[in-house]
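Heads up, the thing below is written out as structure tokens.
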Amino acid sequence: MGKSIRFHESDVRPTGRTARGVRGMSLSPGDRVVGMEVLQHGQTLFTVTENGYGKRTSIDEYPVHRRGGKGVISIKTSERNGQVVNIILVQDQDDLMLVTNNGKLIRMPVSGTSVISRNTQGVRLIVMDSGERVVSAAGLAETEDDEGGNPVDGEALPSEVPEE
């Protein structure tokens, strides 16, 4: 359905190891939970759908509710978009990696996708063949190495890191 709910962590009471937990969100028949994130200011929520569409939305667009509610639309799911595959909390300098059921991989900078409102369908992230769909998405916070194997942003190589 493409919905999400935002609530305070303090609304969830501590439970024992054998407890079943508490309800975070009420689901309609056929709905399923695909992800959960702990929000921090300055980040955006990246939503990816199975037909290769997605979008970034400011976390300020999501109103705070009490846990157990139905939630608000995070992305419009349709025949064009398909179902939501994953949600990822990202920053501008992060990269995003998408994987399809045919083994196609694409790495893209998060900053290349503009921040848009919550109740929209998103933009095309990857071009796929007929019958192909996105099966996984992940955020990558690390930087790429240059061709010589040296870190790009001046990070220490593993051999240069002092042992403890």
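With values rounded to the nearest 0.5 angstrom, Arg124 atom CZ is found 10.0 Å from Thr49 atom OG1. The distance from the CG atom of Asn51 to the CD1 atom of Ile126 is 11.5 Å, given to the nearest 0.5 Å. We find the CG-CD1 distance between Leu89 and Ile59 to be 6.5 Å, quoted to the nearest 0.5 Å.
Among residues two or more places apart in sequence or in another chain, the side chain to side chain donor-acceptor pair (under 3.5 Å) test is passed with Thr120 by Lys55. Partners of Arg133 by side chain to side chain donor-acceptor pair (under 3.5 Å), not counting sequence neighbours: none found. Every residue two or more places apart in sequence or in another chain that forms a side-chain contact (heavy atoms from CB on, under 4.5 Å) with Ser136 is listed here: Val99. Partners of Glu132 by salt bridge (Lys or Arg N to Asp or Glu O under 4.0 Å), not counting sequence neighbours, listed by chain and number: Lys104. In this structure, the side-chain contact (heavy atoms from CB on, under 4.5 Å) partners of Met97, at least two apart in sequence or on a different chain, are Leu105, Arg107, Leu140. When the salt bridge (Lys or Arg N to Asp or Glu O under 4.0 Å) test is applied to Lys70, no partner is found at least two apart in sequence or on another chain. Looking at residues two or more places apart in sequence or on another chain, you find no side chain to side chain donor-acceptor pair (under 3.5 Å) involving Thr57.
Among pairs with a residue in residues 1-24, none fulfils side chain to side chain donor-acceptor pair (under 3.5 Å), at least two apart in sequence or across chains. Every pair tested for salt bridge (charged side-chain N to carboxylate O under 4.0 Å, His left out) that includes a residue from residues 24-36 fails, sequence neighbours excluded, so the list is empty.
Val123 and Met108 fall within a single hydrophobic cluster, where Ile, Leu, Val, Met, Phe, Trp and Tyr side chains are chained together by heavy-atom contacts under 4.5 Å. Clustering ILVMFWY residues whenever any of their side-chain heavy atoms sit less than 4.5 angstrom apart, transitively, puts Tyr53 in a cluster other than the one holding Ile73. Each of Ile87 and Leu96 belongs to its own hydrophobic cluster when Ile, Leu, Val, Met, Phe, Trp and Tyr are linked at side-chain heavy-atom distances under 4.5 angstrom. No single ILVMFWY cluster, assembled from side-chain heavy atoms under 4.5 Å apart, contains both Ile75 and Ile5. There is a path of hydrophobic side-chain contacts, each under 4.5 Å, that joins Val48 to Ile106.
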Side-chain donor-acceptor pairs of residues 76-84 under 3.5 Å, sequence neighbours excluded:
unit_1 : atom_1 : unit_2 : atom_2 : d
Ser78  : OG     : Arg80  : N      : 3.3
Ser78  : OG     : Asn81  : N      : 3.4
Ser78  : OG     : Gln121 : OE1    : 3.4
Arg80  : NH1    : Gln121 : OE1    : 2.6
Arg80  : NH2    : Gly122 : O      : 3.2
Asn81  : ND2    : Lys76  : O      : 2.7
Asn81  : ND2    : Gln121 : O      : 2.8

Could you pull out all donor-acceptor pairs under 3.5 Å where a side-chain atom in residues 37-47 meets a protein atom, sequence neighbours excluded?
unit_1 : atom_1 : unit_2 : atom_2 : d
Thr44  : OG1    : Arg56  : NE     : 3.2

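Of the possible donor and acceptor atoms, none in the side chain of Arg66 sits under 3.5 Å from a partner among the backbone N and O of Phe7. Proximity of a side-chain donor or acceptor of Ser111 to a complementary backbone N or O of Gln93 within less than 3.5 Å is not detected.
Summarising the geometry of Leu98 relative to Ala137, their closest heavy-atom pair is CD2-CB, 3.6 Å, with the distance given to 0.1 Å.
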